[in-house]
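Right, one structure below, let's go through it.
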Amino acid sequence: MEDASMVGLMGRVTGTVGPGLVGEVIVRVRGGAEHFLAHPADGRSRITTGTVVMVVEHLPPRTVYVTAAYDG
């Protein structure tokens, strides 16, 4: 999947994302749901399990940089 088609997709954290951690998110793509390794887009946020996130960058094949989709 091309980088541009992943950017902007929403997902949910399934393994805490944060500095020094390789987290995990599940994103609906290609007619299903797939897991990706995840890092915080700003490099310092901690995003807990269950948080809805938005993909801001995709590094093929399975790595994404994410930010929380909603404040609070």
Side-chain angles (χ1 to χ4, degrees):
M1 172 164 277
E2 294 178 14
D3 179 45
S5 61
M6 285 287 298
V7 171
L9 293 180
M10 304 295 259
R12 186 170 302 274
V13 176
T14 56
T16 301
V17 176
L21 301 173
V22 178
E24 184 182 66
V25 297
I26 189 167
V27 180
R28 290 189 169 277
V29 292
R30 297 184 277 268
E34 297 183 20
H35 289 268
F36 292 85
L37 300 177
H39 300 280
D42 66 7
R44 48 184 198 276
S45 295
R46 184 175 181 90
I47 308 171
T48 58
T49 301
T51 302
V52 176
V53 293
M54 182 174 61
V55 175
V56 297
E57 185 176 355
H58 174 230
L59 299 176
R62 311 262 351 136
T63 302
V64 293
Y65 285 80
V66 297
T67 189
Y70 307 104
D71 291 334

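Nearest heavy-atom pair across Val64 and His58 is CG1-CD2, 3.9 Å. The two residues Val29 and Met6 have their closest heavy-atom pair at CG1-SD, 3.6 Å.
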When the side chains of residues 36-43 are checked against the rest of the protein, which donor-acceptor pairs come out under 3.5 Å, sequence neighbours left out?
{"from": "Asp42", "atom 1": "OD1", "to": "Arg44", "atom 2": "N", "distance (Å)": "2.9"}
{"from": "Asp42", "atom 1": "OD1", "to": "Ser45", "atom 2": "N", "distance (Å)": "2.9"}
{"from": "Asp42", "atom 1": "OD1", "to": "Ser45", "atom 2": "OG", "distance (Å)": "3.1"}
{"from": "Asp42", "atom 1": "OD2", "to": "Ser45", "atom 2": "OG", "distance (Å)": "2.6"}

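Considering Thr67, Val52, Leu21, Val17 in turn, Val17 is the only one that fulfils the side chain to side chain contact (heavy atoms under 4.5 Å, CB included) rule with Ile47.
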Evaluate the side chain to side chain contact (heavy atoms under 4.5 Å, CB included) criterion for residues Arg46 and Thr16: first the C-alpha distance (whole Å), next the side-chain angles of each, then the deciding distance (0.1 Å), finally the verdict.
-> CA-CA 7 Å; Arg46 184 175 181 90; Thr16 301; 3.8 Å; yes

Side chain to side chain contact (heavy atoms under 4.5 Å, CB included) between His35 and Thr14, worked out | CA-CA 9 Å; His35 289 268; Thr14 56; 3.8 Å; yes

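The environment of CZ in Arg62 is crowded: more than 12 heavy-atom neighbours from other residues, nucleotides or ligands sit within 6.0 Å.
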